[in-house]
Amino acid sequence: MSGHDTPIPMQSARSGPLRGVAEVPGDKSISHRALILGALSIGETQITGLLEGQDVLDTAAAMRAFGATLTRHGPGEWSVQGVGVGGFAEPAQVIDCGNSGTGVRLIMGAMATSAISATFTGDASLNKRPMGRVTDPLALFGAQAYGRAGGRLPMTVVGAADPVPVRYTLPMPSAQVKSAILLAGLNAPGETVVIEPEATRDHTERMLRGFGAEIVVEDRPEGRVITLTGQPELLAQRVAVPRDPSSAAFPVCAALIVPGSEITVPGVSQNPTRNGLFTTLIEMGADLTFENPREEGGEPVADLRVRYSPGLKGVETPPARAASMIDEFPILSVVAAAAEGRTVMNGVRELRVKESDRIDAMARGLEACGVRVEETEDTLIVHGCGAGGVPGGALTESRLDHRIAMSFLCLGLVAQKPVRVDDAGPIATSFPVFEPLMAGLGASITRSNA
Ligand code: S3P
């Protein structure tokens, strides 16, 4: 689906304590991968806890177009009858990945080493995002890509009929690029090697191993060296998708700054490639406790208890932590605005090529709400309003970006005057139950007339 038709303006206002249990939906990254790996396997993969956000539904539609059979059995319960590695059929229609960079980049990788072509498009946000970071390494396998200027969608990828394996060092920390290469490597003979100087989320590696691929990960001086042996037979699995820590971040951060709050978020990932936000919040003085640690769907998880934490202090986040909290900087900048002192977010240039330029989107919206912000190409600095409080009272732009919309709605919960968001529609891409979940905790988030 390329975008939603009518903007959905919303606003949030200063709220009483947030209380209760926040059962956030399934992990978006793992949901995309479960559908794609299921489609590349032999047999029937059974998935529970699948995120039914628009991004993942678009990937499901794409997997059908490439020949897999997908059936929805109930909320979050899906099965995928796969076609096996190298078994993708050529789609008859254009593949519309909507708002999802993960969807389009992973699917391009998965089809790039088969003798088929596919044309990809997306919404106005996705069609602005760079695809060269994926099509450059895919060209090394022998695939060709024809897109718009600057490597933008719409784009046709002609898969390699005779792929060769690849050795590639990631020029930027990107799990999407890493995953595209590994998925392409599945149908290339021999060993495909990806070297990542900075570790990024490792769900593809974990899940490939779970589906039966031979994959070795070594920590070497040059970084994480991932070696995949090509042309395995992937076997259908049962996948229990754990809850999304990037969605959990919104109720967690809101509860930290709304006075009197106390909430529990069950089953939050403790995967070290995803938990940089929690490390940062604890450094700021957040009252977070992790209870009942266990494993769910191959991922370490715990129940997170969050209590209102007065007197949060600004901190400096190191560049080396950026990848492990890359989607959480917008909501961290909201906590930073409510905290005391300066929060300096370093090494965040990748935020400029997300669903929106997230540094610019947060800086402009925070400034409109009376918060002092500084930015460089690679840094975002937020000056906390502390005891004086965040003024608020502005109309902010979500720019087709779900996390920007949710961040400003959380800001309004502590601001002196309500904060409006011009279009909260994009929230449906990743967190379709955000509105009722937050209302159930006691947050005043309502539809407005822009
Ligand atoms: C994702 C990787 C990250 C992240 C995105 C999901 C993934 O993007 O921002 O929301 O599932 O692999 P990059 O790989 O571009 O950093």
Side-chain angles (χ1 to χ4, degrees), residues 25-37 50-51 53-56 58-59 97-110 122 125-126 128-137 151 168 170-184 194 196-208 224 226 241-242 244-250 269 271 273-277 299 319-332 345 347-359 361 378 400-404 406-407 426-427 429-431:
D27 190 274
K28 183 151 70 73
S29 295
I30 295 175
S31 295
H32 283 294
R33 287 158 173 80
L35 295 176
I36 296 170
L37 289 177
L50 188 84
L51 168 65
Q54 191 57 46
D55 278 9
V56 176
D58 288 335
T59 288
C97 290
N99 191 248
S100 181
T102 307
V104 74
R105 294 187 175 123
L106 268 56
I107 297 167
M108 280 181 176
S125 155
L126 188 58
K128 279 189 213 151
R129 299 178 66 185
M131 295 299 137
R133 53 177 55 201
V134 169
T135 54
D136 288 351
Y168 193 75
L170 293 183
M172 73 288 289
S174 170
Q176 293 177 0
V177 177
K178 168 178 67 177
S179 302
I181 299 167
L182 292 173
L183 292 172
V194 185
E196 50 173 8
E198 286 175 56
T200 65
R201 66 190 67 196
D202 61 357
H203 307 301
T204 303
E205 297 92 301
R206 286 172 186 255
M207 292 178 75
L208 276 171
R224 284 176 81 240
I226 306 155
V241 180
D244 197 326
S246 300
S247 296
F250 295 99
S269 175
N271 181 324
T273 63
R274 292 290 292 278
N275 69 0
L277 174 72
E299 295 276 328
R321 193 184 295 162
S324 69
M325 55 180 298
I326 195 67
D327 291 334
E328 283 67 76
F329 285 106
I331 188 63
L332 176 65
M345 298 165 237
V348 295
R349 71 173 71 241
E350 277 293 302
L351 295 182
R352 297 209 180 268
V353 290
K354 296 295 177 189
E355 287 83 333
S356 68
D357 174 343
R358 286 181 172 162
I359 295 179
D378 198 27
L400 283 179
D401 189 328
H402 52 133
R403 298 200 204 281
I404 300 300
M406 290 186 279
S407 295
I427 293 172
T429 61
S430 71
F431 198 162

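One-based numbering, in listed order, for ligands and for the atoms of each. Atoms considered below: every heavy atom in the structure, side chains included; atoms not considered: hydrogens, waters and symmetry mates. If you read the sequence from its start, that first residue is 1, and numbering goes on from there.
- Among protein heavy atoms, the minimum distance from atom 4 (C) of ligand 1 is reached at Asp327 OD2, 3.3 Å.
- At a heavy-atom cutoff of 4.0 Å, ligand 1 is contacted by the side chain of Lys354 but not by its backbone.
- Counting heavy atoms closer than 4.0 Å to ligand 1, residue Lys178 contributes nothing at all.
- Atom numbering of ligand 1 starts at 1 in the shown order; those under 4.0 Å from a heavy atom of Ile326 are 9 (O).
- Numbered from 1 in the order shown, with element, the atoms of ligand 1 that lie under 4.0 Å from a heavy atom of Ser174 read 13 (P), 14 (O), 15 (O), 16 (O).
- Note on Glu299 versus Arg274: no salt bridge recorded, every NZ/NE/NH1/NH2 to OD/OE distance being 4.0 Å or above.
- With rounding to the nearest 0.5 angstrom, the OG1 atom of Thr273 is 5.0 Å from the NE2 atom of His203.
- Of the heavy atoms in His203, none comes closer than 4.0 Å to ligand 1.
- In terms of heavy-atom proximity, Ser31 sits nearest to Gly26 at OG-C, 4.4 Å.
- Counting only heavy atoms of the protein, atom 12 (O) of ligand 1 lies nearest to Arg33 NH2, 2.6 Å.
- Residues that satisfy the ring-ring contact (aromatic ring centres under 6.0 Å, His included) test with Phe431, not counting sequence neighbours, are Phe434.
- Side chain of Asp378 to main chain of Arg349: a donor-acceptor pair is present (N/O by atom type, distance under 3.5 Å, no hydrogens or angles).
- Close contacts of ligand 1 with Thr102, meaning ligand atoms under 4.0 Å from a residue heavy atom, involve 1 (C), 5 (C), 6 (C), 7 (C), 11 (O).
- Contact detail for Leu183 and Ile36: the closest heavy-atom pair is CD1-CG2, 4.2 Å.
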